There are 2 protein chains.
Amino acid sequence: MLPLRAGLGTGCPGGGDALSTRRRGGVLESAIFTATLHELATAGYGAFSIEGVAATAGTGKSAIYRRWASKDELIAAALDATLPSLPEAPDTGSLRGDLLVIMRALGRLINSECGSAMRAILSNPADAEKLAVIKERVMVRRRQTMLDVVRRAVARGEARPDAVCRRVLETGPALAMHRYLSTGRPVSDAELIAIVDEILLPLIRA
Amino acid sequence: MLPLRAGLGTGCPGGGDALSTRRRGGVLESAIFTATLHELATAGYGAFSIEGVAATAGTGKSAIYRRWASKDELIAAALDATLPSLPEAPDTGSLRGDLLVIMRALGRLINSECGSAMRAILSNPADAEKLAVIKERVMVRRRQTMLDVVRRAVARGEARPDAVCRRVLETGPALAMHRYLSTGRPVSDAELIAIVDEILLPLIRA
DNA sequence: GAAATAGTGGACGGTTGCGTTTCTAATCGG
DNA sequence: CCGATTAGAAACGCAACCGTCCACTATTTC
């Protein structure tokens, strides 16, 4: 396991470029968060270990326990720091264009190590706290973005008013996630386009 | 933890109803499978332990290792033995009726301990064997059932021919599963009905 | 009843990880 | 340079689990 120590200098003995050999504060925390998501993605939740995170981050357990009392605290902090913030509602002028922007942003998230980490959380027996972070950051707010887009389309006469309902707004993300979970492979751009064209547009315009 | 020893006699000392005190063969395997799904549902995949299964089933590790060489073999065997067989395509005479039958059967599966167990193994994409079992039993064949229903509806003039495509067939199960994973709670009948009425019917009839 | 099979319970040596502690080294700011 | 802080490495005692082994006992079959 190659520890994640990006940003270090060459560390050549006697070399002229003697950069720091230890990280402190935010830099170290960032490396720990990265290692945390990696551990979640590879080991899953149940086999997640602080030892593994420390090894991957190239740090000691003390540095981790100095900041977070438990595995769950560390995971929650890593997710909180790493999951993307609220996306802006796109305004491309067409419903299809807007839907593609949203679905592509979701695809990038799913296909990142964040996606694998989320999958580990979702597959774990119910834990309300961790699910709440994911729900808030990924599902609820993204549904709000989708809502803005569909409302605008209704106003433009591109969508039926009945489409403004939770389940319609959930359909695209549900299909993309379903694809990801059932194949274990990244969601392709072609798949995202097809979800928009074959499902979302007919459904919203129906 | 109360071991799963259903089916035993009263075991009264000196009682007149002296039934067997040990399970053998298929009966023992059935108890082990039940305990396996329970362990998956409660501990998840990563923290799944043979010790836990043995304790829950009220048997010894030797009896388990005598039959299955590893955790993965046991899990695969338990899922193979427990997942329901191929459902018949319903024929209620209406598209809505057929879709409700299918979605309710799926809901019963998701809400069972099988559902929790399936969810647990979603976390490990690298294990194609286990996922293949799930895909075959739950997704691919259920999609086939959905296909039969939609084809019949097309023939009756209730559905648009474009609806005969993989993504449309996946939409209902994807939404139900999405709901289950994101809430951590069973999927209600009202939710299943709404998925049919608000999503599947408009989408398939569009 | 005897023989064969296999279930039960416990022990075993080994591995992994936990959370904590200790110590030295590195970093930062004055 | 010095002092304060903390990062990194290693060690520690403990717990949980692994896969294997073994003695005893229950069950089934002939």
Side-chain angles (χ1 to χ4, degrees), chain A residues 1-13 15 17-36 39-40 42-75, chain B residues 1-13 15 17-36 39-40 42-75:
Chain A
M1 173 56 67
L2 178 67
L4 301 177
R5 301 195 103 153
L8 290 188
T10 56
C12 293
D17 190 9
L19 301 182
S20 64
T21 63
R22 287 182 176 181
R23 299 145 303 172
R24 293 172 77 96
V27 175
L28 178 61
E29 279 158 28
S30 181
I32 291 171
F33 287 158
T34 299
T36 298
E39 179 75 5
L40 259 184
T42 54
Y45 180 81
F48 178 103
S49 74
I50 301 281
E51 296 254 9
V53 173
T56 300
T59 188
K61 287 194 287 182
S62 308
I64 294 174
Y65 280 108
R66 209 173 280 128
R67 294 166 166 77
W68 302 286
S70 68
K71 157 181 170 175
D72 281 349
E73 273 194 34
L74 172 59
I75 288 172
Chain B
M1 174 57 69
L2 179 66
L4 301 177
R5 300 194 106 155
L8 290 188
T10 56
C12 295
D17 189 12
L19 300 182
S20 63
T21 63
R22 284 181 182 183
R23 298 149 303 176
R24 291 171 78 96
V27 175
L28 179 61
E29 279 158 29
S30 180
I32 291 171
F33 287 157
T34 300
T36 299
E39 180 76 4
L40 258 184
T42 54
Y45 179 79
F48 177 104
S49 74
I50 301 279
E51 295 252 11
V53 173
T56 300
T59 189
K61 287 194 286 183
S62 306
I64 294 175
Y65 281 108
R66 205 173 283 127
R67 294 166 166 76
W68 303 286
S70 68
K71 155 180 171 176
D72 284 350
E73 272 194 34
L74 171 59
I75 288 171

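Lettering follows sequence order; numbering is per chain, from 1. Below, all heavy atoms of this structure are taken into account, side chains as well, without hydrogens, waters or symmetry copies. Predicted, not measured: the structure shown is a model, and the values here were computed from it.
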- Note on the structure: Distance col, row A:R67:CZ vs A:S62:OG, nearest 0.5 angstrom, shows 11.0 Å
Report, one pair per line, the protein and nucleotides 2-6 of chain D atoms (nitrogen or oxygen only) whose separation is under 3.5 Å.
residue, atom, partner, partner atom, Å
D:dT5, O2, A:R24, NH2, 3.4
D:dT6, O4', A:R24, NH2, 3.1

- Inter-residue atom distance B:E51.CD - B:T56.OG1, 0.5 Å rounding: 11.5 Å
- Polar side-chain atom of B:T34 near backbone of B:S30 as donor-acceptor pair, under 3.5 Å: yes
- From CD (A:E39) to OH (A:Y45), nearest 0.5 Å: 12.5 Å
- Closest non-hydrogen contact found for A:V53 with A:A35 is O-CB, 3.6 Å
- Note on the structure: Each nucleotide of nucleotides 10-20 of chain C classed B (base within 4.0 Å of a protein heavy atom), S (only sugar-phosphate) or -, in 5' to 3' order, makes B------SBBB
- Inter-residue atom distance B:I32.CD1 - B:L74.CG, 0.5 Å rounding: 7.5 Å
- Any chance you could measure B:T36, atom OG1, to B:W68, atom CH2, to the nearest 0.5 Å? 6.5 Å
